[in-house]
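The figures that follow rest on heavy atoms only: side chains count, while hydrogens, waters and symmetry mates do not. Every chain is numbered from 1, with letters handed out A, B, ... down the list of sequences.
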Protein chains: 2
Amino acid sequence: MTQTSATLEELVDQFSRLPGIGRKTAYRLAYHVLKAPPEAARELARAILNVKEKIRSCSVCFNISDDDPCPICGDEERNRKLICVVEEPHDVVALQRAGSFDGVFHVLGGVFAPLDGIGPEDLKIAELVTRAKSDVEEIILATNPTPEGETTALYIAKLLKPLGVKVSRIARGLPMGGDVEYADLHTLAKALEGRTEF
Amino acid sequence: MTQTSATLEELVDQFSRLPGIGRKTAYRLAYHVLKAPPEAARELARAILNVKEKIRSCSVCFNISDDDPCPICGDEERNRKLICVVEEPHDVVALQRAGSFDGVFHVLGGVFAPLDGIGPEDLKIAELVTRAKSDVEEIILATNPTPEGETTALYIAKLLKPLGVKVSRIARGLPMGGDVEYADLHTLAKALEGRTEF
């Protein structure tokens with residue numbers, strides 16, 4: 001196939017390396033950039049570079065942040081005795097959006113994945129243990145309810161228990177708006193197990 | 001909502017301005033860039049800037065190209081007496097992919113769109129007339145079979161006819177693998193009208 005512009009092809013290639021972007025979508029995006037005002041393209045390119053240059057890791061909670069400590073760890077009004085442990089930075093965004101949590105976070109940077117060779121030393125677990133030894137009342141384990149997330153939570157709980165800190169796990173059950181009829185058996189089992197009194 | 005990184009938010013904003021990219025997808029893309037090696041992010045940014053800096057318009061056919069004339073217009077083996085008129089550069093890519101056309105192209109840069117104020121003077125129609133006056137045998141109008149594309153084709157056909165050049169329109173009918181039962185009535189009407197003898 002004769003292509004008229006290797007430069008455009010290169011951008012199509014680059015876009016199609018992004019997750020969930022197929023070749024047709026990559027073409028549409030590349031044409032959009034081609035037709036957009038030069039300033040818009042420069043802003044997009046700058047935003048991409050900035051993410052790599054400006055974003056660092058908070059030295060307290062290991063969430064991504066422009067500043068160190070991050071705005072959440074630096075917020076005097078939050079309860080620092082309550083730490084919510086999550087897998088990734090986007091979990092913090094989701095929990096912040098829910099709006100009901102006023103404690104601080106701890107981002108592990110992943111979960112155990114033996115097949116990919118990811119074990120305890122690849123996650124920020126030692127750092128969590130250090131935080132747990134300071135003035136902390138409760139640590140909520142909010143890793144995903146997947147086999148990997150459950151294993152990681154179990155491992156961390158066993159490490160933290162001897163320190164005398166209260167360790168809890170987020171509830172697993174039917175999602176709001178969900179349907180008992182269509183729920184999978186593991187979810188139903190957890191929903192029954194975790195039932196609360198009216 | 002407290003965000004921890006304005007830099008990441010800015011990239012999410014930028015991505016969500018692209019066509020077909022919603023906010024959730026933009027987040028996924030931004031996290032991907034954040035986790036990707038710095039070199040990958042630099043390559044993506046560079047590809048975006050290159051598209052605006054390096055791609056020009058072929059002075060013969062007005063297709064996008066890294067060179068002027070473009071590789072198609074510069075190809076000695078193609079039949080320059082046969083010009084296929086299309087709306088946009090990606091139409092050239094599609095027709096090239098089909099592989100059966102060995103003539104040259106003319107990219108209008110759009111179609112008539114009265115509501116957006118796009119008329120004949122905004123398209124490369126005068127330039128097509130100039131080309132038609134040189135040694136050309138046939139001009140194939142391959143604008144889309146939409147109301148706008150049909151109107152534009154009709155307008156151009158009326159301009160070119162007096163010049164004595166043969167003017168044709170690509171066939172409209174059932175797509176290969178299509179279904180008579182499910183075809184819309186305009187397509188069926190065109191398919192009947194354009195029937196060919198066995």
Mind checking whether [X] and [Y] have side chains closer than 4.5 Å, heavy atoms only?
X: A:S65; Y: B:S5; result: no
X: A:V60; Y: A:F105; result: no
X: B:E43; Y: A:Q14; result: yes

- Engaged part of A:R17 at the chain B interface, taking heavy atoms whose separation is under 4.5 Å: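 Both parts, backbone and side chain.
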Q.
What part of A:E88 gets within 4.5 angstrom of chain B, counting heavy atoms only: side chain, backbone, both, or neither?
A.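 The side chain, not the backbone.
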Hey, which of [options] has the most heavy atom pairs under 4.5 Å with chain B?
options: A:V92, A:L29, A:D13; result: A:L29
options: A:V33, A:L34, A:V12; result: A:L34
options: A:K35, A:E10, A:R46; result: A:K35
options: A:A30, A:A36, A:A40; result: A:A36

Please report the C-alpha distance between A:L163 and A:K133 in whole Å, then the side-chain angles of each, then the deciding distance to 0.1 Å, and finally whether the side-chain contact (heavy atoms from CB on, under 4.5 Å) criterion is met.
CA-CA 7 Å; A:L163 303 178; A:K133 283 174 183 164; 4.0 Å; yes
Any salt bridge linking A:D102 with A:R80? Criterion: basic side-chain nitrogen under 4.0 Å from a carboxylate oxygen.
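No, no charged N to carboxylate O under 4.0 Å.
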> Under a 4.0 Å N-O cut-off, is there an ion pair linking A:R56 with A:D66?
Replying inline: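 No, this pair does not count.
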Given heavy-atom pairs under 4.5 angstrom as the criterion, report whether the side chain, backbone, both or neither of [X] touches chain A.
X: B:N50; answer: both
X: B:H32; answer: side chain
X: B:P89; answer: both

TODO: Let me see the working for A:E150 and A:T143 under side-chain hydrogen bond (donor to acceptor under 3.5 Å, both in side chains), right down to the final yes or no.
DONE: CA-CA 7 Å; A:E150 295 285 355; A:T143 53; over 6 Å; no
Under a 4.5 Å cutoff for heavy-atom pairs, which residue among [options] has the most contacts with chain A?
options: B:P19, B:A41, B:G20; result: B:P19
options: B:N63, B:I55, B:L49, B:D67; result: B:I55
options: B:E53, B:R28, B:R42, B:K54; result: B:R28

Do B:Y27 and B:E9 pair up side chain to side chain, a donor and an acceptor below 3.5 Å, judged on atom types alone?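 B:E9 and B:Y27 do have a side-chain donor-acceptor pair below 3.5 Å.
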